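These notes concern the structure reproduced below.
Heads up: numbering here begins at 1 and tracks the sequence. Quick caveat: nothing in here was measured; it's all calculated off a predicted structure. Because only heavy atoms are used, hydrogens play no part in the values below, and waters and symmetry mates are left out as well, while side chains stay in.
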Amino acid sequence: MGSGHSHVSQGHSEPTAQAIAARRKANYILAAVLVPLTLLTLAAMAMLWPSGSKEGISLANPYSAAPGVTFDTGKIQGVVVESCMQGTAAPDANSGQQASGGEGSDCTFAFTEPDKGGSPVKVVINPDIAKSHGVKPGDQIRYLNLSNAQGASAGQGSPAYIFVDFVRTLPIVLLALLYAVVVIAVARWRGLRALIGLVGAYFVLVSFMLPGLVEGKPPLLLALVGSTVIMIGVLYFAHGFSARTSTALLGTMFGLAITALLAAWATDAANLAGVGNHDAATLVNTSANISISGVILCGLIISGLGVLNDVTITQSSAVWELYELAPATSARKLFTSAMRIGRDHIASTVYTIAFAYAGAALPILIIVMLYDRPLGDTLTSAELSEEVIRTLVGSIGLVLAIPVTTLIAVLVVKATGIRTAGLPSGPAAGDHGETHEHRTVSPDDVDDTGALAAAAAVAAETQAETQAETQPETQAETRRGRRADRG
């Protein structure tokens, strides 16, 4: 037949059937564990699903406006620093009051062209923004328009246009598009599926976990159920239904359970109550159903999901790849080799978590550092204790998940017996009466464990056969050449 890169005997139908049976065996073993866990998780999710009612919640919307007051957007045309009196109306002649800035005070004003059209308006910039970041021509800003406010008096000396925030839509959209393009260009369809899975994960977070916390659902159960559903969807959607993905999911569930138990204990033992956190104080006064400790507990579990998913899927893939390269390796040696990779991963992920949280809490770290307190007091303070515990709890969960995932992957990959499946079972090597079928094996077409190893074994055997057949002829030609040289 036509030429090819590897030779596969025509008598391979029986080993192929063995490979399929072995693959089914692995899937049955994993399904026996994962299917009941998945059904139990979905049932718990249905029982915990929030009603969506916001009854009893009293929270003032900072973006709601009084009658006649609007939030407008515009583009800054120019920036000036002048007396604060220049940006306000004249003082009331009867009261003799002046603007709040007082005579001699300087304020930053931005002449802004409204996006809805009209003449430029003079927007007063908050002192903290003017000092820390500043504004410049070309910036898109959102500002409060008080010019048409009901009951507003022109004699109060208050500015009519007040800076609220920057409009960040364009840079965020550009970064999101760049991120999507890079992920899809490198990871292709798997990257696209991962991005879609991320959208699904946020849907579970926004529609299930957050409303559940607002309604006072059990935070530990809420976090475990929501996180498990997210991991099931993300792993299978991004990596496909396979034995290695199921193995990673089992390791992820184990890591989640450890993280949840440690988070529940640490939240109570360390008395994490969100003291000193402005957002936590706001939530306390919002509803009697919201537990700040429960919110912190849920956050400790959710924060480690991404890194936990990373280490488990990597370890599972490492075991499969090592096995495919050396299918004759014993289970003990395979576990030892994979754990060498796992230890390197542990070291890097510990740094990843610590530095990620340190970067997020950088302003707090600077403030605490300026207090010049002892290191022990600093790390156990109300400002930093939550970040420290989040780092420790997440790190312990992912570190313990690595050996468990590796062990499960080794047991599954060795128990299936795929190592012997797909190997040649036709006539012995060197039998010139054997018929060969030429076939090209592409790694992208291989979806069962050990198939790459089987293809490699076939190629190696074929190469050995070719060398055995040609070696006598080559040696004879060499001897004749030497005699001719001597003659």
Side-chain angles (χ1 to χ4, degrees), residues 33-34 36-50 201-202 204-235 246-274 280 289-313 315-316 346 349-350 352-354 356-357 385-408:
V33 178
L34 288 174
L37 287 176
T38 301
L39 294 177
L40 183 63
T41 302
L42 293 177
M45 188 178 193
M47 293 177 60
L48 292 171
W49 194 268
Y202 275 106
V204 174
L205 179 66
V206 172
S207 62
F208 173 68
M209 302 177 75
L210 298 185
L213 289 172
V214 171
E215 295 182 11
K217 303 288 185 181
L220 180 61
L221 192 58
L222 197 71
L224 265 179
V225 171
S227 299
T228 303
V229 169
I230 288 175
M231 287 295 97
I232 292 174
V234 167
L235 278 170
S246 299
T247 301
L249 179 58
L250 280 176
T252 302
M253 288 182 173
F254 174 82
L256 268 177
I258 296 296
T259 303
L261 292 176
L262 289 174
W265 173 83
T267 303
D268 181 64
N271 297 309
L272 297 182
N289 295 327
I290 298 178
S291 168
I292 299 302
S293 297
V295 173
I296 294 175
L297 169 61
C298 199
L300 292 178
I301 299 173
I302 296 174
S303 60
L305 282 182
V307 183
L308 184 60
N309 172 32
D310 175 30
V311 298
T312 54
I313 195 67
Q315 278 304 111
S316 179
I346 287 173
T349 49
V350 166
T352 299
I353 294 179
Y357 294 150
S385 57
E386 185 179 334
E387 299 298 333
V388 171
I389 290 177
R390 180 180 288 112
T391 302
L392 296 176
V393 167
S395 298
I396 293 172
L398 74 89
V399 168
L400 292 179
I402 286 179
V404 171
T405 305
T406 305
L407 178 61
I408 296 173

With side chains defined as the heavy atoms from C-beta onward, is the minimum distance between [X] and [Y] less than 4.5 Å?
{"X": "L42", "Y": "T38", "answer": "yes"}
{"X": "I232", "Y": "L34", "answer": "no"}
{"X": "T259", "Y": "I396", "answer": "no"}
{"X": "I302", "Y": "S227", "answer": "yes"}
{"X": "F208", "Y": "V229", "answer": "no"}

If you look at every heavy atom in [X] and [Y], which pair is closest and at what distance?
{"X": "R390", "Y": "G299", "result": "NE-O, 4.2 Å"}
{"X": "F254", "Y": "L400", "result": "CE2-O, 3.7 Å"}
{"X": "T247", "Y": "S316", "result": "CB-OG, 3.7 Å"}
{"X": "I389", "Y": "A270", "result": "CD1-CB, 3.3 Å"}
{"X": "L213", "Y": "G294", "result": "CD2-O, 4.2 Å"}
{"X": "V393", "Y": "A263", "result": "CG1-N, 4.0 Å"}

Once you round to the nearest 0.5 Å, how far does [atom1] of [X] lie from [atom2] of [Y]?
{"X": "I230", "Y": "M209", "atom1": "CD1", "atom2": "CE", "value": "5.5 Å"}
{"X": "E387", "Y": "S303", "atom1": "CD", "atom2": "OG", "value": "8.5 Å"}
{"X": "M253", "Y": "L224", "atom1": "CE", "atom2": "CG", "value": "10.5 Å"}
{"X": "L308", "Y": "L256", "atom1": "CG", "atom2": "CG", "value": "5.5 Å"}
{"X": "L221", "Y": "M47", "atom1": "CG", "atom2": "CE", "value": "8.5 Å"}
{"X": "L300", "Y": "T267", "atom1": "CG", "atom2": "OG1", "value": "5.0 Å"}

Exercise. State, without any angle test, whether T312 and T252 hold a side-chain donor-acceptor pair at a distance under 3.5 Å.
Key: yes
Quiz item: Are side-chain N/O atoms of Q315 and T405 paired as donor and acceptor at under 3.5 Å?
Solution: no
Exercise. Using a cut-off of 6.0 Å, state whether more than 12 heavy atoms not belonging to W49 lie near its atom CH2.
Key: yes
